Peer 1: 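Just dropping this structure here.
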Amino acid sequence: MLKDLPTVYDAKTTEEEIYKFWEENGMFKADAKSSKPSYSIVIPPPNVTGVLHMGHALDETLQDILIRYHRMSGYEALWVPGTDHAGIATQNVVEKKLREKGLSRYDLGREEFLKETWDWANKHKSAILDQCKRLGASFDRTRERFTFDKGCSDAVKEVFVKLYEKGLIYKGAYIVNWCPRCQSAISDVETEYETEQGHLWEISYPLKGESGAIIVATTRPETIFGDVAIAVHPSDHKYSELIGKTVVIPLSGREIPIIADEYVDKNFGTGAVKITPAHDPNDFEVGKRHGFKPIWVIDGEGKMKACGEVPQELHGLDRYEAREKILGMLSYNNFLLRTKEHEHNVGKCQRCNTTIEPLLSEQWFVKMEPLAKEAIKAVKDGRIKFVPERWEKNYLGWMENIRDWCISRQLWWGHQIPAYYHNETGEMIVAKENPDPKNYTQDSDVLDTWFSSALWPFSTMGWPNTESDDFKKFYPTSVLVTGFDIIFFWVARMITMGLEFTKKAPFSTVYIHGLIRDEKGQKMSKSKGNTIDPVVIIDKYGSDALRFTMTSLCTYGGQDIKISDERFEYGRNFANKIWNASRFVLMNLDGVDEADIDFSKLTLADKWILNELNNTAKEFNENIKNYRIGETAHILYEFFWNKYCDWYLELAKIQLQNDDLKLNTQRVLRYVLDMTLRLLHPIMPHITEKVWQLIPQKSKFKALMLADFPVYDDKLVFSSDMDLVFETIKSIRNVRQSFNIPTSLKCDIEIRTEQKSTFEEMEAYIQRLAKVDKISYASASSPIPPKSAAAVVGASKIIIPLANLIDFDEEIKRQNKKLDKLLAEKNSLSGRINNEKFVQNAPKELIEQTKSRIAEIEIQEKAVTELIKSLKD
RNA sequence: GGGCGUUUAGCUCAGUUGGUAGAGCGUCUCCCUUACAAGGAGAGGGUCGGGGGUUCAAGUCCCUCAACGCCCACCA
């Protein structure tokens, strides 16, 4: 049966089979009543509208590694999955579907539209989490949550009412970022700025009752009908005489004053600014200071309002079309004096890329500053630490300058704001439930999606019921794993809300990884068409290959990760190597008993590999504890491929042929494979589980995923001279290759050494792995026979008599090259030793090390010189 | 305007308290050796972006310049 295992690892079949095995046995389910210490992670909930992309794949893989590692390391590990209702994104999708049927949400009405959206969300809610199963995600689906489910809604209401009662939520009219397409306010962080080449227009505003004019520079001439004043700097001599005078707005004829305000920059434009409080945040502030009433001229759709002095022909016109018309009119009437090229930043809606319209409107806000205090403290005093640390600065910088958060959205899909207005008096009550549905109507706005996300670490644990088992056992969570792009959107807000409502930091570590990019370093996006679908990669290379590759690309500094389809060959090849090495071991375990390794019978090779395994376990544990997760992959790759496969399996082949050594060698093979699979399991769960279950053993564990994770073990510390064997074999191979000695030809060697017994112990290894026939010995001082190739290993000389095979000139060249290298090293090292200051200042061990290295070089130098001499003779 | 990151082998990137550079891929040579050709063995390849400084010693610390990338703020 074992011999029937295919030589190429079949990831697809294995992964399906193994995942099903774990799932059906309920192995992902965490026990809130467990006495083990808890380790918990909540997933950054993907949008219900989403499909799995590479960013998720990386994020989920890293979380799964941490969860699996801790589960095996004695923790009660809980990973909570879930999805986000994604207000605008989801509403957009459903509205688009309606539009295809020629309908709008208004045709359906709020109630019917919500029903439709719920249906859609319910249908898609689990799709992305099902895709995560392909990744091997060991999250607890029995605890799956949705940011719009009953529990989250209760938490949202609780938080909203409490914040309102504390005076930290208020409603008011302010300039907000308004998306004319979404028809809603959005928050500052949802506004992305793009640099655009625009214009600065200089417009002349004639003075009233006298000749002359004041020239104003603006980028937004279409707001001219909303002007309430012209502002200049109080100390600007150019305009000091004009302050207090009145000008007439071009095209409108309305009269407005010239005022002085510190806000104006004397050196920008003409030094005179038109003030439009309804459509610009700075103008709003100026307007407020001077007591002007704002005049709206652009509506929520970004069109010119049909009101006031806006000319008839502009009514309902898009703001940019109106701009062109207005410029035409100004120019025609000689009010437009100059048009200058001007580069400026334009705000765009994060969701739909529509240009934001700053608009004065009535919205709800969270006063962030008082909340931020504790959130700053928690990071400064180390209750929360960022990995890598540099993100702390980024976080703190933002937190220390935080502005109020606009939380109301003019959407239907979302948590409706729990404020109720009396139908007649308009009196407002903020409460979890409508006090009197007959007479009170609920506020029609909903909350920013991130409001419910901010509560995610504790709303998923049963909060506000702080007595729930999950909350008691698993809150606060252990770590939050995410990309840097949502530190402000999400991480910062979770920290503030967690501290405010649970008095605890929601997690003690924020592990920030890089973003996935395409091979050119560009962000992946559907519109660019440069996305790589993780499911396609999994189909092609396997889930473990995807996981291993991505993990290995994670650097400690959290650099962005460039990937291409071919990069996953790295993980696929490694999985295949694991598969085949395991096949070899399994095929050679026939007749093995169930006993542990007999330590009294260990060979040098056995000791060497056990010692290496032990170091690997130690390094793995140290690295993962410090979130050097990429490093863990490198360590395991190096150990498994370059040590276990390249050397130990080859050495074991020799030992297996020795009846005295066979049984214990089998035990070592089995043990090291078992432990290695455990080490690899968090990163490559499927293949390791599959192979592990094929290993004959008396394990008490039902599955590898539940087995104990290896830790450093004093009993496995050995020192051995294997390096001498490896060096010997490698140098003989080198000689063979240099002189094109065919593999079929075994050569004899002579070893000139004072360590005869050590070499004798290793003869079998050298013979087989370097294709050597007879080995003879002589003392290190014996003369070198003529016509030989040779290698110097440590203080020993390996002589390969090849009189008829080698080109002596070639060999002299080869040895000279080696000599040059030795001399260069010696030169540099003795330079140090001869430097008094070095001897004074350098650590003792380094000096000793340097001296002994020089001594070693001198021995080799002597040997090589001797060789060259004998070749020349 | 402020802040951060990057610059190391042809390509993509590691390099944790400073002690004369590593991997994967690619290249060259040999090998279907009974786990694996998605493999094995061997080889070649780097003045660690430029300049300056600290030090016995700098890819690693400090200063400065340059290029590229990102974030925040935002002057109408």
Side-chain angles (χ1 to χ4, degrees), chain A residues 5 7-9 189 193 200-201 216-220 223 231 263-276 280-283 286 342 344-345 347 388 390-391 393-394 397-398 401 484-485 487-488 514-515 519 521 541 545 549 552-553 555-564 566-567 569-570 572-588 622-623 626 628 630-631 634 637-638 642 645-646 649-650 653 729-730 733-738 740-744 768-771 824-825 828-829 831-832 835-843 846 849-850:
Chain A
L5 294 176
T7 61
V8 172
Y9 171 58
V189 283
Y193 289 90
L200 195 59
W201 288 284
V216 165
T218 181
T219 54
R220 303 216 47 196
T223 62
Y263 151 73
V264 182
D265 178 351
K266 284 186 277 189
N267 300 315
F268 187 88
T270 61
V273 192
K274 63 193 220 46
I275 301 299
T276 321
D280 182 279
N282 292 310
D283 291 7
V286 175
H342 178 61
H344 61 148
N345 291 329
R390 70 186 146 95
W391 293 111
K393 207 174 169 184
N394 187 265
W398 190 71
N401 297 294
F484 60 78
D485 51 334
I487 290 178
F488 303 149
L515 262 35
E519 69 258 69
Y541 299 106
T549 304
S552 76
L553 295 174
T555 65
Y556 182 64
Q559 295 305 317
D560 287 354
I561 298 168
K562 286 189 228 174
I563 58 166
S564 61
E566 305 81 55
R567 289 205 92 161
E569 288 174 6
Y570 178 67
R572 191 240 355 228
N573 293 354
F574 188 46
N576 199 234
K577 190 73 179 177
I578 294 170
W579 180 251
N580 279 297
S582 302
R583 273 178 63 236
F584 170 77
V585 174
L586 291 168
M587 285 189 288
N588 282 286
E622 281 169 2
N623 278 290
N626 293 309
R628 294 175 178 275
E631 197 55 28
H634 300 145
Y637 185 95
E638 155 84 9
N642 301 127
C645 293
D646 287 352
L649 292 189
E650 297 305 321
K653 284 176 186 171
I729 292 169
K730 280 197 275 189
R733 283 173 174 169
N734 187 325
V735 169
R736 297 186 60 112
Q737 177 88 11
S738 300
N740 289 315
I741 302 166
T743 341
S744 53
R768 165 129 172 186
L769 299 184
K771 312 271 184 203
E825 194 184 346
S828 149
L829 291 178
R832 282 194 203 174
N835 181 334
E836 261 178 57
K837 286 182 177 171
F838 173 74
V839 181
Q840 273 165 23
N841 295 313
L846 186 69
Q849 206 182 306
T850 309

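Everything numeric here is computed off the predicted structure, so don't read it as measured data. Chain letters run A, B, ... following the sequence lines, proteins first and then strands; every chain starts at 1.
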Peer 1: Cation-pi check for A/Y637 against A/K577: NZ or CZ below 6.0 Å from the six-membered ring centre and within 45 degrees of the axis, yes or no?
Peer 2: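 That pair does not qualify as a cation-pi contact.
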
Peer 1: Just checking, any donor-acceptor pair under 3.5 angstrom between side chains of A/N580 and A/R583?
Peer 2: yes

Peer 1: If we only count heavy atoms from C-beta on, is the A/F488 to A/N394 side-chain gap below 4.5 Å?
Peer 2: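 They are in side-chain contact.
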
Peer 1: Quick test: give all pairs of protein nitrogen or oxygen and nucleotides 12-15 of chain B nitrogen or oxygen below 3.5 Å, distance rounded to 0.1 Å.
Peer 2:
unit_1, atom_1, unit_2, atom_2, d
B/U12, O2', A/R567, NH1, 2.7
B/U12, O2', A/R567, NH2, 3.1
B/C13, OP1, A/K562, NZ, 3.3
B/C13, OP2, A/K562, NZ, 3.0

Peer 1: Please state how far atom CG in A/L200 lies from atom P in B/C74, giving the value in whole angstrom units.
Peer 2: 19 Å

Peer 1: Give each stem of RNA chain B as a range with a range, requiring at least 3 consecutive Watson-Crick or G-U wobble pairs whose two distances are under 3.5 Å.
Peer 2: B:1-7 with B:66-72, B:10-13 with B:22-25, B:27-31 with B:39-43, B:49-53 with B:61-65

Peer 1: Pick the C1' atom in B/U27 and in B/C32, then give their distance to the nearest Å.
Peer 2: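 The answer is 22 Å between these two C1' atoms.
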
Peer 1: In whole angstrom, give me the gap between the C1' atoms of B/U12 and B/U17.
Peer 2: 28 Å

Peer 1: Between the protein and nucleotides 37-47 of chain B, list every N/O to N/O distance that falls short of 3.5 Å.
Peer 2:
unit_1, atom_1, unit_2, atom_2, d
B/A38, O4', A/N573, OD1, 3.3
B/A38, O2', A/N576, OD1, 3.4
B/A38, N3, A/R572, NE, 2.9
B/G39, OP1, A/N573, ND2, 3.2
B/G39, O3', A/K577, NZ, 3.1
B/G40, OP1, A/K577, NZ, 3.0
B/G40, OP1, A/W641, NE1, 2.4
B/A41, O3', A/R733, NH1, 3.4
B/A43, OP1, A/N734, ND2, 3.0
B/G44, OP1, A/K817, NZ, 3.1

Peer 1: Is A/N345 side chain donor-acceptor paired with the B/C74 base, going by distance under 3.5 Å alone?
Peer 2: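 Counting by modelled atom types and ignoring angles, a donor-acceptor contact under 3.5 Å is found here.
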
Peer 1: For B/A35, does OP1 or OP2 lie under 4.0 Å from any side-chain N or O of A/N580?
Peer 2: no

Peer 1: Considering only the C1' atoms, how many Å lie between B/G53 and B/U16, rounded to the nearest integer?
Peer 2: 25 Å

